[in-house]
Every structure is written in C-alpha cells, then in structure tokens.
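These notes concern the structure reproduced below.
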Amino acid sequence: GNSVTQMEGPVTLSEEAFLTINCTYTATGYPSLFWYVQYPGEGLQLLLKATKADDKGSNKGFEATYRKETTSFHLEKGSVQVSDSAVYFCALSDPSTGANSKLTFGKGITLSVRP
Amino acid sequence: DTAVSQTPKYLVTQMGNDKSIKCEQNLGHDTMYWYKQDSKKFLKIMFSYNNKELIINETVPNRFSPKSPDKAHLNLHINSLELGDSAVYFCASSQQGAAGELFFGEGSRLTVL
C-alpha cells in the first residue's frame, strides 16, 4: 500500500534560518505529491504540489521537488518567518484509482520559528 | 465567505450519547470527505462521498454514519460515543479528478467525557 514517512519533530528554528523538512514515500503507482500546512486552530491548506517526477512545486517561498529515484519530496525554505510556525504534512494520492483516490498523509511535523 | 464550513466547532459530551457534526461546502465540488485527527495530529480518512454516493469507507465502526443529502453537504452522526472518539474531525471537499487538492473546514473538536 501507499505510505508517507516524515522526519521526526518538532523543529524549532530562529527567524531567517534555512528550513528542510524531509518526506519520503512508498507507492505502487505514480502518485501525486503534496505539502499541506495547518496553522494553529485552523484546517489544513494546500501549500504546494507536484504531479510527476522532477516537477518542482513552490508557493510562499517554499519549494519541494518530486524525486522518483529517491522517492522523496523534501520541503525547503530559504528564510523562515515567525508566521511560518505551523504543522506541515506531506501527502500523496494515486490518481490511477480514480474516484476512489484518497490522500495518504504523513504524521505531520510541528515547526516553531523564534523571533 | 467560508468555503467549507463545519458546525459545531466544539462539542463536549458524555460517553454513550449520540451527536452529529454538519458540513457544507460552497465550492461546487463533487467529492466530500471526513478525516479524523488524533491528539498527535495524525490524520486518517474516514469516509468519502462523490455526488452523494459513498466511495470510501475506511474500516470505521458502524457507530459512525455519514449522510449526504446533496453534494454540497456531508454530515457525520456518531452513536454511543466512546472516550476514544475524542478527536478533531475535519470535513473537506475536492473537485472530481483533483483528489489530492482538498479544501478543509476548520475542524470540529469532539471531547467525550
């Protein structure tokens, strides 16, 4: 079956530090990959996505590249801000399953950014 | 104008009671979902409906019964609540063919005492 593994957290960084959050996946087909963000007290929001190998998703200064050879989709940001403090979820979906397609989430990692 | 709205936002109740959570989306999406988030933030899909038809039922106890009166609404009814049902329940929706791009509600925090 499909699965997503995220690095253990929580992660605490100072403002303007470089961020990397690791994510690897296992999938039987050709999944699409996603990063979702959950700010305190809110629902999840799609941050970025990539639908095929070597695609790079980007949004709000965050980037992630779909690496089929290493089955990874690591999230990076060059300079984090206090407002980036949130829980980050890596996820995959297998579009070949059509209407039965669903998102499989990783465990999530909490990022705290200090001023 | 909230895209996916859930009510109530907070629910505190006793074991054995029956409760419902309502969800509505105004995005015109065909597919709606219920997810459960536990205390460690782990998210697990419970149900998925496409145009009022049940598509995914992820080994959820029979005490949980979703109902979709139309494609804009997906309600969750829970019978005989147990302590382990305490969690945050998220409703979400997506357009058919874009299953990974979900729009989530703000969540309903259920506490069973």
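Given the structure is predicted, the values throughout are model-derived calculations rather than measurements. Numbers restart at 1 for each chain; the letters A, B, ... are given by sequence-line order, proteins then strands.
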Within this structure, what is the NZ-OH distance for the pair B/Lys41 and A/Tyr88, rounded to the nearest 0.5 Å? 13.5 Å
d(A/Leu44 CG, B/Tyr35 OH) to nearest 0.5 Å is 9.5 Å
Are A/Phe62 and A/Tyr25 joined in one hydrophobic group, where the rule is that I, L, V, M, F, W and Y side chains link up if heavy atoms are under 4.5 Å apart? yes
Is it true that B/Phe42 and A/Phe105 have ring centroids separated by less than 6.0 Å? no
For B/Gln37, is it the side chain, the backbone, both or neither that has a heavy atom under 4.5 Å from a heavy atom of chain A? side chain
Rounding to 0.5 Å, atoms CG (A/Leu46) and OG (B/Ser94) come to a distance of 11.5 Å
For atom CD of A/Glu69, is the number of surrounding heavy atoms from other residues, nucleotides or ligands below 6.0 Å larger than 12? yes
About how many Å separate CZ of B/Phe90 and CD of A/Gln38, when rounded to the nearest 0.5 Å? 4.5 Å
Same cluster for B/Leu54 and B/Met46 if Ile/Leu/Val/Met/Phe/Trp/Tyr side chains link at under 4.5 Å? yes
Honestly, the part of A/Lys107 sitting under 4.5 Å from a heavy atom of chain B is both
Got a sec: does the OH of B/Tyr10 have more than 12 other heavy atoms crowding it under 6.0 Å? no
Separation between CD1 of B/Ile45 and OG1 of A/Thr104, rounded to the nearest 0.5 Å: 8.5 Å
If you count the non-hydrogen atoms of other residues, nucleotides and ligands that lie under 6.0 Å from CG in B/Asp70, is the total more than 12? yes
When rounded to the nearest 0.5 Å, the distance separating CG of B/Leu102 from CZ of A/Phe34 is 8.5 Å
Cut-off 4.5 Å, heavy atoms of chain A, and the answer for B/Phe103 is neither
Could you tell me which portion of B/Lys40 (side chain, backbone, both or neither) has an atom closer than 4.5 angstrom to a non-hydrogen atom of chain A? backbone
In terms of heavy-atom contacts, does CD of B/Glu53 have more than 12 from other residues, nucleotides or ligands at under 6.0 Å? no
Count the heavy atoms of every other residue, nucleotide or ligand shown that sit under 6.0 Å from NZ of A/Lys77, and state whether that count exceeds 12. yes
Is it true that B/Val88 and B/Val60 fall in one hydrophobic cluster, defined by side-chain heavy atoms closer than 4.5 Å? no
